[in-house]
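Shown next, in structure tokens, is the structure this report addresses.
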Amino acid sequence: MSDVLVRGENLKKYFPINEGILHRPAGYVRAVDGVSFHVRRGETLGLVGESGCGKTTTGRVILRLLEPTSGKVYFRDKDVFALGRGDLRHLRREMQIVFQDPYASLNPRMTVADIVGEPLEVHGVAGGKKKEARVCELLEVVGLEARHARRYPHEFSGGQRQRIGVARALALNPKLIICDEPVSALDVSIQSQVINLLLDLQAEYGLTYVFISHDLSVIRHISDRVGIMYLGKLVEMADVEGIYLNHKHPYTEALLSAIPVPDVRRDRHRIVLNGDVPSPANPPPGCSFHTRCPYVMEECRRVAPPFVDVGGGHFVACHLQGHA
């Protein structure tokens, strides 16, 4: 797969639950529990699921902002987790992130020029007049003006702040950008503007995105392929049409049934899942979804289904597919 830019193999991230005076681990929260994937150059892989499913943790482990418990991530066939400090620093120029909260992700004590220009200085790309010119260029690319460089974050709206965050991510000409719910904190009218900006930038610069969201409508608009996560695992992955028109997993079916539709006269069958999401510190045996699945079988309670290709690059982890 020469066109693959980044791939993960059996990626796991467990967080210890420390107890007692000595803070010894009494258990682990399995935030990411055996995730495998690949992202081709120039495409957008959407990761979607309920809060706490592990999608944000997956994105941060890819960038090595969090150290993995086990597994591998390869960027252009380089083992990201095996790189030393110097090589990792160089790699960070090619892998960037746009954070969820445009208010918390920008330093309120720094001007926009300092925020966007900081990566250029840290990596020795540009300084002085060259840095100023590059900052002005980046601001104009994301739909702001050069004069905005002298202002502070509190002088901007949420949508403008997120554009500043995008400009910062673009500063080093990255190949991969992790978009961690970049529009969830914005008004609906502004969300579409930021999404269209990201699509325009992708077309112009050949960017590759991992787009994390809980909004299936947004995911459908921006993604080429979609991965559905539940309790730290991928339960289904396919191209957009495969997920939205030919989904295979009961959890995907329930998520899609919850998407609001503008026509109130249209008949729709809403699937309401019983119970709560199990604790990632104590996941159920067998299929992680069996405690809420309307189609549960005895096999589901005992054996974890493998994540397999059921045809045409459509992957699913569900015993139902073996009984279809």
Side-chain angles (χ1 to χ4, degrees), residues 1-18 25 27-41 43-85 87-92 94-97 174-180 208-212 225-238 249 251 277-289 303-309 313 315-318:
M1 294 189 295
S2 59
D3 63 333
V4 171
L5 181 67
V6 59
R7 72 180 191 274
E9 297 178 357
N10 199 27
L11 196 60
K12 297 181 180 181
K13 178 58 182 178
Y14 296 173
F15 293 97
I17 303 171
N18 297 322
Y28 293 89
V29 173
R30 302 181 180 186
V32 179
D33 195 14
V35 169
S36 298
F37 62 91
H38 68 271
V39 191
R40 301 183 185 94
R41 299 173 192 271
E43 80 166 347
T44 298
L45 173 66
L47 290 181
V48 66
E50 295 172 280
S51 295
C53 69
K55 54 189 183 295
T56 290
T57 302
T58 299
R60 296 192 177 208
V61 171
I62 291 172
L63 296 178
R64 206 170 153 186
L65 296 178
L66 293 172
E67 292 293 334
T69 300
S70 64
K72 299 285 187 181
V73 167
Y74 295 93
F75 181 83
R76 296 200 300 187
D77 294 327
K78 294 181 181 178
D79 185 347
V80 174
F81 303 148
L83 297 178
R85 184 186 298 269
D87 290 335
L88 182 61
R89 180 186 176 90
H90 182 74
L91 183 65
R92 294 211 186 281
E94 301 187 76
M95 304 168 67
Q96 291 291 312
I97 184 170
K175 302 294 187 296
L176 172 71
I177 297 181
I178 306 292
C179 300
D180 184 11
T208 302
Y209 294 144
V210 174
F211 194 96
I212 298 164
R225 289 186 302 123
V226 180
I228 308 294
M229 291 192 69
Y230 184 81
L231 209 64
K233 299 177 181 290
L234 277 169
V235 296
E236 188 166 6
M237 178 178 286
H249 199 280
Y251 180 59
V277 180
S279 169
N282 186 27
C287 174
S288 58
F289 186 60
V303 182
F307 191 61
V308 296
D309 189 344
F315 290 82
V316 65
C318 183

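- For the pair L231 and P284, the minimum side-chain heavy-atom distance is below 4.5 Å.
- Put simply, the side chain of E9 reaches to within 4.5 Å of the side chain of Y74, judged on heavy atoms.
- Within the 6.0 Å centre-distance limit, the rings of H249 and F289 are counted as a close aromatic pair.
- Atom CD1 of I212 sits about 5.5 Å away from atom CG of L47, to the nearest 0.5 Å.
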Run the numbers on R41 and D3 for salt bridge (charged side-chain N to carboxylate O under 4.0 Å, His left out), then give the verdict. CA-CA 6 Å; R41 299 173 192 271; D3 63 333; over 6 Å; no

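- T57 places no side-chain N or O within donor-acceptor distance of the main-chain N or O of V32, the cut-off being under 3.5 Å.
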Between H38 and M237, does a side-chain contact (heavy atoms from CB on, under 4.5 Å) hold up when you go through it step by step? CA-CA 11 Å; H38 68 271; M237 178 178 286; 5.9 Å; no

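- The minimum heavy-atom distance between I17 and A281, with the atom names listed, is CD1-CB, 3.7 Å.
- Here the shortest heavy-atom pairing between C179 and Y209 reads SG-CD2, 4.0 Å.
- Using a distance-only test at 3.5 Å, with no hydrogens or angles considered, no donor-acceptor pair links the side chain of K13 to the main chain of V29.
- Using a 4.5 Å heavy-atom threshold, the side chains of T69 and F15 count as separate.
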List the steps and the verdict of side-chain contact (heavy atoms from CB on, under 4.5 Å) for L5 and F75. CA-CA 6 Å; L5 181 67; F75 181 83; 3.7 Å; yes

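- D87 contributes atom CG, which lies 12.0 Å from atom CZ of R89 (distance to the nearest 0.5 angstrom).
- In terms of heavy-atom proximity, Y28 sits nearest to P25 at OH-CB, 3.8 Å.
- In this structure, R225 and F315 have side chains that are not in contact, with every pair of non-hydrogen atoms separated by 4.5 Å or more.
- The closest donor-acceptor contact from the side chain of R92 to the backbone of L63 lies under 3.5 Å.
- In this structure, K55 contributes its side chain and M229 its backbone to no donor-acceptor pair below 3.5 Å.
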Passes side-chain contact (heavy atoms from CB on, under 4.5 Å), T58 versus V210? Steps please. CA-CA 10 Å; T58 299; V210 174; over 6 Å; no

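- Across every non-hydrogen atom of K12 and G34, the tightest pair is CG-N, 3.4 Å.
- Under the 4.5 Å side-chain criterion, counting only non-hydrogen atoms from C-beta, T208 is not in contact with K175.
- When all heavy atoms of E50 and Y230 are compared, the pair lying nearest together is OE1-CE1, 3.7 Å.
- With a 4.5 Å cut-off on side-chain heavy atoms, P305 and C287 count as touching.
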Show your reasoning for whether salt bridge (charged side-chain N to carboxylate O under 4.0 Å, His left out) applies to R7 and D77. CA-CA 8 Å; R7 72 180 191 274; D77 294 327; 3.1 Å; yes

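- In this structure, L83 and R64 have side chains that are in contact, with non-hydrogen atoms separated by less than 4.5 Å.
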Please report the C-alpha distance between I62 and F37 in whole Å, then the side-chain angles of each, then the deciding distance to 0.1 Å, and finally whether the side-chain contact (heavy atoms from CB on, under 4.5 Å) criterion is met. CA-CA 11 Å; I62 291 172; F37 62 91; 3.5 Å; yes

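- In terms of heavy-atom proximity, P68 sits nearest to L11 at CB-CD1, 4.4 Å.
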